[in-house]
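Have a look at the structure below, then the notes.
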Amino acid sequence: MSEKSLILSSKQITQKTKRIAFEIYENNFSEKEVVLVGVFDQGYQFANLLKKELESIASFMVRLVGLTLDKEAPTQSDISLDCDINTLKNKSLVLIDDVSNTGRTLAYSLKPFLAIKIKKIETAVLVNRSHTQFPILINYSGYELATTIKEHVEVRLEGKENGVYLL
């Protein structure tokens, strides 16, 4: 069994979430609505935390949408949203995941939005490992972490052991 090291505590996750929420607000203050699209499972949980923070500071409406895909085989599975795609037309979106390793998950997550006109798409992650293999820019990052590709980052946003761990 590998040893795990705490990278971010629950309190630090809260601080980083608040900072990202303020950054999203600053870059979208003139919008009427911003849609947070969380990649299931941990990305959706992180998006929910951001939604709560944004609602406490922003003058615009914040909507949360879940996105489901098979992260291991994204080309062989459906990529689905828990809302009608047409309700997102001409909206500003923030695509959210817990960790960005190579940008692969976020790249494949863009597929549903290619079918309609979107005003803009930004990305947010709690941890950016910067092993970029796909042309994805992370707009909002809670923590930049230099790791080897073989190391694993685990994010826990529920339960007693909330935190970000390096395995």
Side-chain angles (χ1 to χ4, degrees), residues 8 10-72 74-75 77-129 134-144 153-159 162-164:
L8 294 174
S10 182
K11 182 179 178 181
Q12 290 170 313
I13 290 172
T14 300
Q15 291 169 332
K16 304 227 178 262
T17 303
K18 285 181 182 184
R19 179 180 50 80
I20 291 172
F22 273 102
E23 290 176 10
I24 291 171
Y25 178 52
E26 287 172 359
N27 289 330
N28 294 281
F29 68 90
S30 62
E31 297 295 329
K32 291 183 173 121
E33 179 181 21
V34 171
V35 181
L36 304 180
V37 181
V39 178
F40 278 109
D41 182 50
Q42 293 293 331
Y44 185 82
Q45 291 177 9
F46 181 50
N48 194 41
L49 295 174
L50 281 170
K51 179 181 187 282
K52 290 174 186 172
E53 291 297 332
L54 268 170
E55 287 176 332
S56 71
I57 59 172
S59 54
F60 52 72
M61 187 175 130
V62 182
R63 185 175 3 159
L64 179 60
V65 172
L67 183 141
T68 305
L69 81 154
D70 182 347
K71 292 182 179 186
E72 300 303 317
T75 59
S77 66
D78 287 336
I79 299 170
S80 61
L81 300 170
D82 65 4
C83 73
D84 179 10
I85 187 73
N86 291 314
T87 63
L88 304 178
K89 194 176 281 187
N90 295 316
K91 303 285 187 205
S92 291
L93 309 178
V94 182
L95 185 58
I96 301 168
D97 205 0
D98 58 341
V99 178
S100 175
N101 290 312
T102 63
R104 178 179 152 178
T105 299
L106 292 174
Y108 283 105
S109 297
L110 292 171
K111 185 179 178 185
F113 309 114
L114 299 175
I116 63 167
K117 183 182 177 198
I118 298 292
K119 188 171 184 179
K120 75 175 175 180
I121 299 177
E122 298 177 305
T123 57
V125 295
L126 183 57
V127 178
N128 184 0
R129 293 183 60 197
F134 288 78
I136 297 295
L137 169 73
I138 304 300
N139 301 100
Y140 309 106
S141 177
Y143 192 72
E144 298 276 335
V153 173
E154 180 180 289
V155 175
R156 293 187 187 166
L157 298 174
E158 292 184 312
N162 279 7
V164 175

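We use all heavy atoms of the structure for the numbers below, so side chains are in, but hydrogens, waters and symmetry mates are not.
- With hydrogens and angles disregarded, no donor-acceptor distance shorter than 3.5 Å links the side chain of R63 to the backbone of V37.
- Among residues at least two apart or in separate chains, there is no ring-ring contact (aromatic ring centres under 6.0 Å, His included) pair with a member in residues 79-124.
- Here the CG-NZ distance, from N90 to K32, works out to 11.5 Å after rounding to the nearest 0.5 Å.
- Applying the ring-ring contact (aromatic ring centres under 6.0 Å, His included) test to every pair with at least one member in residues 13-39, sequence neighbours left out, gives these pairs: Y25-F60.
- Annotation: the span from K89 atom NZ to K119 atom NZ amounts to 15.5 Å, rounded to 0.5 Å.
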(request) Before giving the answer on side chain to side chain contact (heavy atoms under 4.5 Å, CB included), spell out for L88 and I85 the whole-Å C-alpha distance, their side-chain angles and the decisive distance to 0.1 Å. (result) CA-CA 6 Å; L88 304 178; I85 187 73; 4.2 Å; yes

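- Shortest non-hydrogen contact noted between E53 and T17 is CG-CG2, 3.9 Å.
- Rounded to the nearest 0.5 angstrom, D97 CG and K71 NZ are separated by 4.0 Å.
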(request) Might you work through the side chain to side chain contact (heavy atoms under 4.5 Å, CB included) test for Q45 and V155, ending with a clear yes or no? (result) CA-CA 10 Å; Q45 291 177 9; V155 175; over 6 Å; no

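- Across all their heavy atoms, R19 and G142 have their closest contact at NH2-O, 2.9 Å.
- Closest approach of A47 and G38 over heavy atoms only: CB-CA, 3.9 Å.
- A distance of 10.5 Å separates CG of L36 from CD of E122, quoted to the nearest 0.5 Å.
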(request) List the steps, then state whether side chain to side chain contact (heavy atoms under 4.5 Å, CB included) holds for V65 with D82. (result) CA-CA 6 Å; V65 172; D82 65 4; 3.4 Å; yes

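- When atom types are taken as modelled, the side chain of T123 and the backbone of L137 share a donor-acceptor pair closer than 3.5 angstrom.
- Atom NZ of K16 is separated from atom CG of L49 by 14.5 Å, given to the nearest 0.5 angstrom.
- Between P112 and L67, the closest heavy-atom pair is CG-CD1, 4.3 Å.
- Tested against V62 for a side-chain contact (heavy atoms from CB on, under 4.5 Å), the candidates L50, I24, L54 yield a single pass: L54.
- If you take CD1 on I96 and CG on L93, they are separated by 10.0 Å, rounding to the nearest 0.5 Å.
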(request) List the steps, then state whether side chain to side chain contact (heavy atoms under 4.5 Å, CB included) holds for Q42 with L126. (result) CA-CA 10 Å; Q42 293 293 331; L126 183 57; over 6 Å; no

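- Heavy atoms only, all atoms of each residue included: S109 and L95 are closest at CB-CD2, 3.7 Å.
- Counting heavy atoms from C-beta outward, V125 and L106 have side chains that approach closer than 4.5 Å.
- The shortest distance between side-chain heavy atoms of N28 and K120 falls below 4.5 Å.
- Nearest heavy-atom pair, Y140 versus N27, reported as atom, atom and distance to 0.1 Å: OH-ND2, 3.1 Å.
- Side-chain contact between F46 and I20 is present, with at least one heavy-atom pair separated by less than 4.5 Å.
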